[in-house]
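Inspection log for the structure reproduced underneath, given as structure tokens.
In this chain, numbering begins with 1 at the start of the sequence shown. We count ligands from 1, going down the list as the structure has it; atoms in each ligand are counted the same way.
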Amino acid sequence: MFETIRMAPPDPILGLGEAFRNDSRPEKINLSVGIYQNDAGKTPVLDCVKQAERRLLEDEKDKNYLGIDGLGSYRTLVPRLLLGAESVALAEGRVACVQSPGGTGALRIAADLLGRHFGGMTVWHSQPTWPNHPQIFQAAGLRTAAHPYLDAANRALDFDAMVNALKGAAPGDAVIVHASCHNPSGVDPNADQWAALTEVIRAQRLLPVIDCAYQGFGRGLEEDVVGLRLLAESGETLIASSFSKNFGLYGERVGALTLVGPTTDATAAAHSQAKACVRANYSNPPRHGASVVASILSDDELTKTWHAELAGMRDRIQQMRDAFVQAMNARVPDRDFSFIREQLGMFSFSGLNPMQVDRLKNEFGIYIVGSGRINVAGITSANIDRLCDSIAAVL
Ligand code: LMR
């Protein structure tokens, strides 16, 4: 049977990581997959994580299965971090949380839940978006459609085009919304646009499915969920969140699906159905990463350490944005790169076309995603000159 199966194309992001590992050129640079690196090009384990792991090593009593929806303390702490202490939905008991294997796992639970109960809906996503978004929802049997997001130069949000497209969506459709640090562009709505978007989503009776993978990587932990909170307090919402980036727990696969419903009963029913999706998929989630996050978020000292380490990552990315813009301006003075300074989070749309991206890889050993997305968090003081020389050479 397997002889009838054709080879799948490499993944547009993770496939590049594999190609990078196989590249023997010592000067190679990996700016593809969204992983934070420090200025030494390393992705160290956060100190707060190490401390929490030491405590776990001492205190953990067993390695039993978690419940289908995961660790209880984690499921209480995650919605608080996302929605904030003032959340009306939380106070009214209209919020449930399912621990998931990473943000991708949360999106897949959401997709399965929607596919089982609202199979006729279309799931809208921005064009461009993270390439896995349409795949995940299609894998659950749902139709997907793209709405415009960026202006022609790919440098700013084309808010009117996005809203006009969403006005054409049918009531009962879902729309994937990036909470902050839009992947791949780094271009987010401003406060007024969040308010207007929330109105449109509610007026059209659309279900927001918020992807929150970069809380704290843009402007700050609170600032990065302003739009998320507006949406979640305005009606039914699904939130797929990830701690891969902000806790550096990539391989531990720590995420959550948070459900905000109209009533306690409706939320409980949707929660029970989300658990049914989990049980039929991977039974119950892994415990280590969620235990680490729960230990940190339930301890003031560890939380303080985490906040400082997160701010350190965020500041370094901003410094690299500034350094990149300066270095490119020095090499290609007739081209404006200042927009890269304004983008938020790990990624920037560089404006490089697929041919230039190919040349960077083949001639210079520099790996970026085909769309021209650069992982700014992979730029270091040691690689920035070679990177900018190479980009200038292919422009
Ligand atoms: C990325 O976009 O690079 C990350 O979210 C990693 C992934 O799974 O694609």
Legend entry - Sub-4.0 Å atoms of ligand 1 with respect to non-hydrogen atoms of Arg373: 1 (C), 2 (O), 3 (O)

Legend entry - Identity of the nearest option to atom 9 (O) of ligand 1, non-hydrogen atoms only, from Phe347, Tyr250, Trp130: Trp130

Legend entry - Region of Val33 that comes within reach of ligand 1 [heavy atoms, distance under 4.0 Å]: both

Legend entry - Residue portion contacting ligand 1 (non-hydrogen atoms closer than 4.0 Å) for Tyr214: side chain

Legend entry - Subset of ligand 1 atoms that lie under 4.0 Å from at least one heavy atom of Gly34: 1 (C), 3 (O)

Inset, instruction - Would you mind telling me if ligand 1 is within reach of the side chain of Asn183, the backbone, both or neither, using heavy atoms under 4.0 Å? - result: side chain

Inset, instruction - State, without any angle test, whether Asp322 and Gln326 hold a side-chain donor-acceptor pair at a distance under 3.5 Å. - result: no

Legend entry - Main-chain N/O of Ala89 paired with Glu233 side-chain donor or acceptor, under 3.5 Å: yes

Inset, instruction - Please report the C-alpha distance between Thr237 and Leu207 in whole Å, then the side-chain angles of each, then the deciding distance to 0.1 Å, and finally whether the side chain to side chain contact (heavy atoms under 4.5 Å, CB included) criterion is met. - result: CA-CA 6 Å; Thr237 303; Leu207 174 70; 5.7 Å; no

Inset, instruction - Verify, without hydrogens or angle tests, whether Asp173 (side chain) and Thr122 (backbone) share a donor-acceptor contact under 3.5 angstrom. - result: yes

Inset, instruction - Would you kindly say whether Thr263 and Asp265 are connected by a side-chain donor-acceptor distance under 3.5 Å? - result: no

Inset, instruction - Run the numbers for me: atoms of ligand 1, each under 4.0 Å from some heavy atom of Ile13, listed by number. - result: 2 (O), 3 (O), 9 (O)

Inset, instruction - Return yes if a side-chain donor-acceptor contact under 3.5 Å exists between Ser234 and Arg202, otherwise no. - result: yes

Legend entry - Side chain, backbone, both or neither: the part of Lys245 lying under 4.0 Å from ligand 1 by heavy atom: side chain

